[in-house]
> 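Supplied in structure tokens, the structure appears directly below.
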Amino acid sequence: MTSAQTSAQPASQLYPGQERFVAPANEVKLEAVDSVDEDAPALGMWQSAWRVLRKNPLFIVSGILIIFILFVALFPSVFTHVDPRYCNLSNSLRNPSAGHPFGFDQQGCDIYSRVIWGTRTSVSIGISTTIFVTLFGGLIGAVAGFFGGWVDTLLSRITDIFYGIPFLLGAIVLLQMFTDVDSIWKLVATMTLFGWTEMARITRSAVLEAKNLEFNTASTALGSSPARNLFRHVLPNSLAPMIVIATLSLGQYIVSEASLDFLGVGLGGNTVSWGVDISNAQTLIRTNPMVLFYPSLALAITVLAFIMMGDAVKDALDPTGRTA
Amino acid sequence: MSKKTDTPEDLATLSAEEYKGWSNYHPSDEDNYNQRNQPVRPLLEVKDLSVDFTDANGKPIHAVHKAGFTMYPGQWVAIVGESGSGKSTTAMSILNLLPGTGHITGGSIKLDGEELVGKSQKDYDKLRGRRIGLVPQDPMSNLNPVWRIGTQVEESLKANHMDIAREKRNEFSKALEHAEVRLRNADDELFIGHQDWDDLIRTTLEALASAHVPDVKKVMHHLRHSWVIGSTTRWSVAQDLIVAGLDDDTAWRVAKQHVTGSDMKDRVAGLLDEAGLPDAATRARQYPYEFSGGMRQRALIAIGLAARPDLLIADEPTSALDVTVQKRILDHLQGLTDSLGTSVLFITHDLGLAAERAQYIVVMYHGHVVESGPSLEVLQHPEHPYTKRLVKAAPSLASQRMISAYQHGDANADRFIEHHQRSSEEVAKSKNIITVEHLTKLFNLPHKKEKFKAVDDVSFSIKRGTTLAIVGESGSGKSTVANMVLHLLKPDKGKVIYEGKDTSTFDKKQMLDFRRHVQPVFQNPYGSLDPMYSIYRSIAEPLEIHKIGDNKSRLARVKELLDMVELPESVMNRHPNELSGGQRQRIAIARAMALNPDVIIADEAVSALDVLVQDEVLRLLNDLQAQRGLSYLFITHDLAVVRQIADDVVVMEHGQLVERGTTDEIFEHPQKQYTKDLLDAIPGGKLKLGLDL
């Protein structure tokens, strides 16, 4: 009390309820300052993302589906021994029978076999396009974001130009010049050409954010070169949004492939593909809807699986959801 | 509650009896506490308050355990503690503004005798602003960027249905004065309006002239500056005039005639002016991005006090600001709350601030109140082991340079430098390891032709094996200097001389060698480590860049470095996000030490840390210096830290070097006014804490 009264404070009066209080020393255990919890499991960003992911039902369901789809795409012969290209007109629109669970389409091809074999086409187009888009778009975005200045201006404007071209319209115009080519690569190339812009934009902004973080300056001060900084620090720290966009758009590319087939500018009749089958079945929607139904269902399940996976990955990698 | 009186002065004095009837207060109950017959009804009583948060798995996390304290009208009460101690949670539960899953699990909070726990959202809406105001912590994120400042102040007035023409004097300001309580006629609480101003000034001038007041010009000048539209009341105008030399009748006649009440715009400007924003009417039309941190904080104070609350909760109100700004804002806030009778509950980690500003202090640790009482008494004679530890770690101007094996100015200092002899070609070692000559850095300003001089002709040198501190406020250019010394920025003029050689002439190989010997430790412990890298990778990175050793020897080196910074080996496999700020800063120091540097440039390396952690990191740095003869360039805004660790000090302001000297010279005999101001502004700078430690 005496010391308090010597202070410059006007109201150094002692009021009821404001007496000196000292908690018993044993009530709260005094811990060592800033001690390390040695028992806690070590977690990097990927480990913590995995911990979040494996508890997410969305991830479990889509994960199982995707594994199954990939398995079908890799080993279609495990599921069917019928050649999808063997079509006998005498089987045209025949109902399901033993060994042909989905029946036959108008050309007399086995629908089940075509659905199974079509998985490979759709999945490989989806995955290839995603890989090329990520590489190409990611590179453009990373270079633009990291080097800035006129490089950024130039690359960003080019990105904007491509961004301005409607994806489907551009693809139709370009693909109709190659209708005689029957290869999945023309679709992959076209979709990459018109689809890389979003990846570039996302990567650019992620790189812009990551390059301004202090650890880059710290590395530079340690003697690291700009290129080393880009590949060792900036890009790894920009990966999360890139992965999210990649998984989310994979399903989109599969849908686009089917749409282009449907519009007649995609794959020709010689390739087994859901898009081609859907296109061929469109006239039968009133009379034989099941011919349309099976490839559509396969397409829907695949796209749903990848989009669900994208959502789950997004939840896990979202920086706001991460600790500290 | 205001009582009309008929006396011409309108400054009626209530007798003690009248006052008793007014407040239902019986002094006999409390006589032993209170010889001056003050009303002692607590404004806020927090008892056994417990707050829980729920984690992702639904398990409760106890944030506050049975915390309790009492505060009285007009008091400043401080809650101190480290981050995570539950101090903000306690304060926010008073407003029922707990973030996320937080909820009160027990205890009571009484405001003026009225229980708050369990009240509905609607009741709280009435309470917030009008009874309890809030000044939030971060001025940068707490103003809406798309609205003008004035609109945001206006909102707080409208939300609380404030009468903008007249003052709502807090009842407690009257209660406090008790015996000579003065209640004013409601009309006398009218503010000066913008329509009044010209006439008021003209009439005042005439009245003063006809009353033959000497020095009319000077008096008028003073009045024009002290009167504020939308803030100065009729009675204070009258009082000022009486003080200026007018007789009572004339003064009141002038005031009554020409102070007729303000409108919304006047009041908003008045409030901003009260909070210490000059040229408030113009400022009110600006957007938050046009404001500096200090100005935003003032705007937030204006908003917090707009509805004249009885209690103002301020959560680290000035932690983000420079000391001189902090002092100005707190002085102003103190004057304002004293005149309004507002109580202030403020949360701080700064013990000096608590000792200087608060009458009563609550020390929290791990959600418990470990000690509370009159602030000076608690901080000068701490009893709880935690408080003792806290007080001991708090740097203050009264503290001395940390002493370790290396004695400052010791003749055998060379002993420590021996193992640093690197190349034989190096001739007689210079006394200064780094000399900076006439450094100047210009930055381009957007949309402006002339360039901004961030650093203007700065020269200094770091003596081998000592610590040089650069002190300055934000914008003084101290970090720019550090970046130029580190060669992360190219100076426009001047040079950096390392070991007698001009660094700008270095080729690639020499630069790599320079990088090896001059290492930085940055401010932000959350940003300076790559979150994707394990601790092992982070510390080993410099070895990798300089291609030193193989995997095995690197592992051994990393272990050695972790031991040096007193962290267990097990952290190697962790990632930065699992470590605390202090631990990360140790990792950053370990990384900087990996290459056995001569110079460490620490840019605000301890500013983001809690006192206890800061103390530990400073000790670590100091011990390393003693063991290895390191030279430090220590950049900080915190003079108390400088006192503890620096041998020489350079003071910078607006890019220029203001003063330099040894630490003792600067602290004991500052030559320049700016240095004196800086020293003056340190909260609790002159108070000695922990007398019996």
Side-chain angles (χ1 to χ4, degrees), chain A residues 1-25 27-31 33-48 52 212-225 228 232-233 236-237 239 322-324, chain B residues 30 33-34 38 40 42 45 70 72 74-75 359-360 365-366 368-374 376-378 380-381 383-386 389 486 488 512 515-516 519-520 522 524 526-532 534 541-542 545-546 567-568 570-571 573-575 577-580 582-583 588 612-613 616:
Chain A
M1 195 56 217
T2 43
S3 57
Q5 274 169 345
T6 59
S7 84
Q9 301 305 333
S12 56
Q13 200 106 20
L14 195 58
Y15 294 109
Q18 291 203 328
E19 300 84 0
R20 183 72 182 272
F21 163 80
V22 182
E27 188 187 275
V28 197
K29 212 177 99 227
L30 216 55
E31 282 166 19
V33 177
D34 211 18
S35 59
V36 182
D37 179 7
E38 288 196 59
D39 303 324
L43 285 182
M45 194 190 95
W46 300 119
Q47 285 105 313
S48 27
V52 177
N212 287 322
L213 293 175
E214 236 172 7
F215 53 77
N216 294 303
T217 326
S219 278
T220 309
L222 288 168
S224 176
S225 65
R228 192 185 170 282
R232 295 295 177 85
H233 289 294
N237 275 285
L239 272 184
R322 268 154 57 191
T323 43
Chain B
E30 327 278 0
Y33 280 106
N34 203 325
Q38 287 205 344
V40 284
E45 273 178 295
T70 308
Y72 284 84
Q75 267 186 338
Q359 288 101 57
Y360 186 74
Y365 177 64
H366 277 224
H368 295 258
V369 171
V370 291
E371 193 160 357
S372 59
L376 262 185
E377 192 188 323
V378 168
Q380 285 181 332
H381 309 283
E383 279 173 31
H384 193 278
Y386 177 73
R389 187 151 92 180
L486 279 166
L488 296 172
L512 206 61
R515 294 251 181 261
R516 208 174 146 162
Q519 285 289 315
F522 289 107
N524 181 355
Y526 296 93
S528 61
L529 297 174
D530 189 333
M532 308 289 286
S534 69
E541 196 188 0
I545 292 172
H546 292 272
L567 283 173
S570 63
V571 301
N573 303 320
R574 310 245 169 151
H575 288 79
N577 62 341
E578 299 164 67
L579 301 180
S580 73
Q583 289 159 0
L612 287 171
V613 181
E616 292 221 322

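Order of the sequence lines fixes the chain letters, A, B, ..., with proteins taken first and strands second; residue numbering starts at 1 for each chain.
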> List the steps, then state whether side-chain contact (heavy atoms from CB on, under 4.5 Å) holds for Ile545(B) with Arg228(A).
CA-CA 9 Å; Ile545(B) 292 172; Arg228(A) 192 185 170 282; 3.6 Å; yes
> Between the side chains of Gln75(B) and Gln18(A), does any donor sit under 3.5 Å from an acceptor?
yes
> Which atoms of Glu383(B) are under 4.5 Å from chain A, going by heavy atoms: the side chain, the backbone, both sets, or neither?
both
> When you measure from the side chain of Arg516(B) to the backbone of Gly223(A), do you find a donor-acceptor pair of N or O atoms at a distance under 3.5 Å?
no
> Checking Leu488(B) against chain A: side chain, backbone, both or neither under 4.5 Å from a heavy atom?
side chain
> Distance-only, no hydrogens or angles: does the His546(B) side chain make a donor-acceptor pair with backbone N or O of Leu222(A) under 3.5 Å?
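It does hold such a pair.
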> Return the minimal non-hydrogen interatomic distance between Pro520(B) and Ala221(A), and the atom names on each side.
CG-CB, 3.3 Å
> Can you tell which part of Ser372(B) gets under 4.5 Å to a heavy atom of chain A, answering side chain, backbone, both or neither?
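It is both, since atoms from each part get that close.
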> Mind ranking Ala588(B), Gly527(B), Gly373(B) by heavy-atom pairs under 4.5 Å with chain A and telling me who comes out on top?
Gly527(B)
> Please flag which part of Val370(B) lies under 4.5 Å from any non-hydrogen atom of chain A: side chain, backbone, both or neither.
both
> If you look at every heavy atom in Pro531(B) and Phe215(A), which pair is closest and at what distance?
CD-CE2, 3.4 Å
> Taking it one step at a time, do His233(A) and Glu541(B) satisfy side-chain contact (heavy atoms from CB on, under 4.5 Å)?
CA-CA 11 Å; His233(A) 289 294; Glu541(B) 196 188 0; 2.5 Å; yes
> To the closest 0.5 Å, what do you measure between CG (Leu486(B)) and OG1 (Thr217(A))?
10.0 Å
> Enter the distance from Glu214(A):CD to Asp530(B):CG here, rounded to the nearest 0.5 Å.
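The CD atom of Glu214(A) sits 12.5 Å away from the CG atom of Asp530(B).
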> Do the charged groups of Arg20(A) and Glu371(B) touch, with an N to O distance under 4.0 Å?
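The answer is yes: the pair qualifies as a salt bridge.
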> With a 4.5 angstrom heavy-atom cut-off, is it the side chain or the backbone of His384(B) that approaches chain A, or both, or neither?
both
> For Ser225(A), is it the side chain, the backbone, both or neither that has a heavy atom under 4.5 Å from a heavy atom of chain B?
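It is neither, since no heavy atom gets under 4.5 Å.
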> Would you mind checking which part of Tyr360(B) comes under 4.5 Å of any heavy atom in chain A, side chain (CB onward), backbone (N, CA, C, O), both or neither?
side chain
